[in-house]
K.L.:
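Here it is, the structure, as structure tokens.
These values consider heavy atoms only, across backbone and side chains, with no hydrogens, waters or symmetry-generated copies.
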Amino acid sequence: MGYPLRRLLLPLLATLALAGCAGQSMIPGSSGPDAQTLLEQANQQSGGEAASTRLEAADILARQGDSTQALAIAGQIDPQSLAPAERVRWALVLSDAGLAEKDGWNTVRATDILDSGIEISESNTQTLRYRRGIALGLINEPEAAAKLLIQLQRSDAPYELTDDIWAPLSQLSPTALDRLAAGSSDSLTLGWVELARLYRASGGDVSGLFERLDQWRSRYPDHPANRRMPQDLSALRQLEGQEISRLAILLPESGPLANIASAIRHGIEARADDARAQGESVPALTFIDSSQQNIDALYAQATMSGAQAVLGPLNKDTVSELETRGSVPLPTLALNYGEHPRNQATELFQYGLSAEDEARQAAQRAYQDGSRRAGILVPSNDWGSRILSAFRQRWESEGGQLASVVSYDPSGSAATAVRNLLDNKRTDMDMLFLLALPSYARQIPPTLDFYYASSLPIYATSHLYEGTPQPRADHDLNDVQFVDIPWMIPDAAVGGTEALPFVSTYRRLSSESDPGLLKLNAMGVDAFELARRLPVFRALPHTQLFGATGNLEARDDGRIQRTLPWAVFQSGAPQPLLTAPNPALTPGPVLDSESDAGNDTSGVNGDGQRRGAVSPSGESLNGLDDESFGSDASR
């Protein structure tokens with residue numbers, strides 16, 4: 001995105017603007033004291049004098065390329081102890097080191113000076129606003145980032161912003177794009193929004209995308225993106241003619257996974273039919289029964305059918321075997337995750353409904369909200385152990401600690417589990433991570449209230465929500481925060497059904513299926529959309545899909561990671577979670593931005609076993625409580 005070059009230039013502008021404030025050590029190669037000497041000197045000082053000396057040391061380290069140390073030192077300085085000119089210099093040093101270390105939060109903290117009323121030169125203001133825009137993207141605030149960077153482009157800031165704008169803009173949901181367009185009627189913003197919409201609507205049809213881009217160019221001849229198209233879009237030119245025209249889908253027609261496969265297939269076919277009806281270029285689908293042949297024979301059959309890519313297999317063991325290979329015969333999107341730490345096979349992507357993703361997201365959210373000591377309630381079985389491990393790994397990597405961990409008996413007393421959780425730990429714990437099915441989860445908040453712990457924030461996975469609003473049954477879950485797929489919480493996720501991804505397919509499937517099946521249908525919808533975009537994912541590894549099951553992005557090993565929307569129970573029903581993480585660090589006024597399901601498909605049942613989805617007729621979908629399917633695809 002060009003930032004490393006700017007990093008060399010912008011501090012020089014700051015130096016010139018703040019001449020006389022820095023001392024001799026501001027100039028590389030000067031005879032002034034070195035950073036270590038200054039830090040030792042600061043230890044003998046106090047107040048503003050010590051802060052100024054540490055700032056000098058941090059600036060020297062930053063100029064020497066030691067951004068890690070510069071960030072650590074500048075981040076510990078209290079800017080209130082500095083004079084106004086030094087506070088500007090601190091903001092420049094901290095934001096520069098923060099971006100170099102990809103520390104968005106410290107960069108946003110530094111750029112809060114824009115709202116302080118301190119006099120800042122125009123060039124430094126633009127520098128800090130630019131860095132704030134990049135940092136907002138790093139902390140997962142793409143809407144605010146895009147808006148601020150477009151404002152900079154409108155004011156003719158001296159940066160090449162096309163790729164910097166496109167990075168967050170291409171991540172925005174249709175609802176966010178609508179908000180961005182509604183907030184400004186100028187051709188610059190509208191041109192960007194329309195470009196992003198074209199990109200989102202293209203699916204895997206690269207040739208069709210560039211035909212529509214030619215029309216966009218004629219409507220916006222003076223747009224900056226017309227003069228220089230974002231690099232990611234330009235890179236798609238090499239994919240013209242490589243679109244997938246036939247997709248082989250490997251699903252079992254018999255055996256323990258057959259019912260799950262049937263629900264996924266229904267989602268695939270429904271989405272393909274709707275896309276075709278809307279005039280999109282859709283690959284032909286060849287379904288191959290995977291229950292009767294080994295994987296090599298299945299690939300041979302897919303190749304003979306003329307397929308350019310494969311969707312499947314569904315079996316976890318087969319995916320685990322594939323990911324140990326060097327490559328696969330055809331580009332493949334598996335419908336499960338392997339068991340190894342990393343996927344080793346080139347051209348192999350993996351996608352499923354992973355509860356581990358939900359646990360990691362809960363850990364990240366709670367930490368950003370300011371919590372540091374977690375309490376955990378998970379069922380005492382293999383599923384609970386896996387989710388606990390995922391939460392703990394992310395929580396501790398963020399810097400959090402575990403105050404209390406209880407693995408409860410799902411058929412036992414919730415009161416006993418809560419009492420064990422709180423035993424001698426009540427004053428230490430500042431949040432609770434909850435993994436539970438609805439009937440058990442509903443008992444937790446009242447029990448916490450009984451033990452005078454009603455103020456403890458609760459973060460949960462999607463498994464506590466049955467998929468349809470039940471205010472009377474769920475009123476005890478009020479104030480519990482949880483994640484779920486957009487199709488299960490349309491009001492909370494996107495503001496209503498009309499804004500859902502693939503809404504026509506949603507209407508069709510939601511009228512046919514109970515919520516338990518709808519999750520599997522949604523998985524089929526997103527699997528189809530991901531599979532037909534495989535050439536794009538291969539060319540642009542960080543491509544995202546705003547899907548029925550969340551925001552989907554491929555990791556560097558080909559595993560698709562889901563980010564789900566948050567909701568909070570209010571009056572017994574899921575509502576939008578309007579509070580941004582870590583509100584002290586969220587965008588300030590300078591941005592001029594607005595603040596932005598039936599039976600569960602997985603989990604554990606009353607006797608401690610993981611619960612499977614149930615069809616409208618009451619038939620168990622046996623694969624979801626079968627280890628051969630595995631937790632990653634279903635939970």
K.L.:
Are Y459 and D369 close enough that a side-chain donor and a side-chain acceptor fall under 3.5 Å?
P.N.:
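A pair is found: one side chain offers a donor N or O, the other an acceptor, under 3.5 Å apart.
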K.L.:
Could you check whether any side-chain heavy atom of D484 comes within less than 4.5 Å of a side-chain heavy atom of K519, counting everything from C-beta outward?
P.N.:
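Answer yes - side chains close enough.
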K.L.:
Can you spot which of W216, F546, W192, W166 makes a ring-ring contact (aromatic ring centres under 6.0 Å, His included) with Y199?
P.N.:
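The residue from W216, F546, W192, W166 that satisfies ring-ring contact (aromatic ring centres under 6.0 Å, His included) with Y199 turns out to be W166.
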K.L.:
Does any non-hydrogen side-chain atom of P486 lie less than 4.5 Å from one of Y506?
P.N.:
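Result no, sub-4.5 Å side-chain heavy-atom pair not found.
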K.L.:
Between Y337 and E356, is there a side-chain donor-acceptor contact under 3.5 Å, judged purely by atom types and distance?
P.N.:
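No.
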K.L.:
Without swapping roles, check the side chain of D357 against the backbone of R562 for a donor-acceptor pair under 3.5 Å.
P.N.:
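Side chain of D357 to backbone of R562: a pair is present.
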K.L.:
Looking at side-chain heavy atoms only, is the closest gap between V310 and L298 below 4.5 Å?
P.N.:
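Contact flag for V310/L298 side chains = no.
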K.L.:
Checking T563 against Q361: is there a side-chain donor and acceptor pair closer than 3.5 Å?
P.N.:
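Not at all, the side chains of Q361 and T563 share no donor-acceptor pair under 3.5 Å.
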K.L.:
State plainly whether the residues D273 and R508 are in salt-bridge range, i.e. N to O under 4.0 Å.
P.N.:
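Counted as a salt bridge, because a side-chain N and a carboxylate O are separated by less than 4.0 Å.
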K.L.:
Any idea how Y465 and F482 line up, ring-wise: parallel (<30°), tilted (30 to 60°), or perpendicular (>60°)?
P.N.:
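Aromatic pair Y465/F482 classed tilted.
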K.L.:
Please determine, by modelled atom types, if R246 and S305 share a side-chain donor-acceptor pair under 3.5 angstrom.
P.N.:
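On atom types as modelled, these side chains do not qualify, holding no pair under 3.5 Å.
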K.L.:
Could you check whether K316 pairs with E339 (Lys NZ or Arg NE/NH1/NH2 to Asp/Glu carboxylate O, under 4.0 Å)?
P.N.:
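Answer for the salt bridge query: no.
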K.L.:
Is a donor from one side chain sitting under 3.5 angstrom from an acceptor on the other, for E243 and S281?
P.N.:
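There is no such pair (donor and acceptor under 3.5 Å, judged by atom type) between the side chains of E243 and S281.
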K.L.:
Determine whether E194 and L190 make a side-chain contact, defined as any pair of heavy atoms from C-beta on separated by less than 4.5 Å.
P.N.:
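Answer no - side chains too far apart.
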K.L.:
My understanding is that only one of L335, T318, N336 makes a side chain to side chain contact (heavy atoms under 4.5 Å, CB included) with P313; could you say which?
P.N.:
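The passing option is T318.
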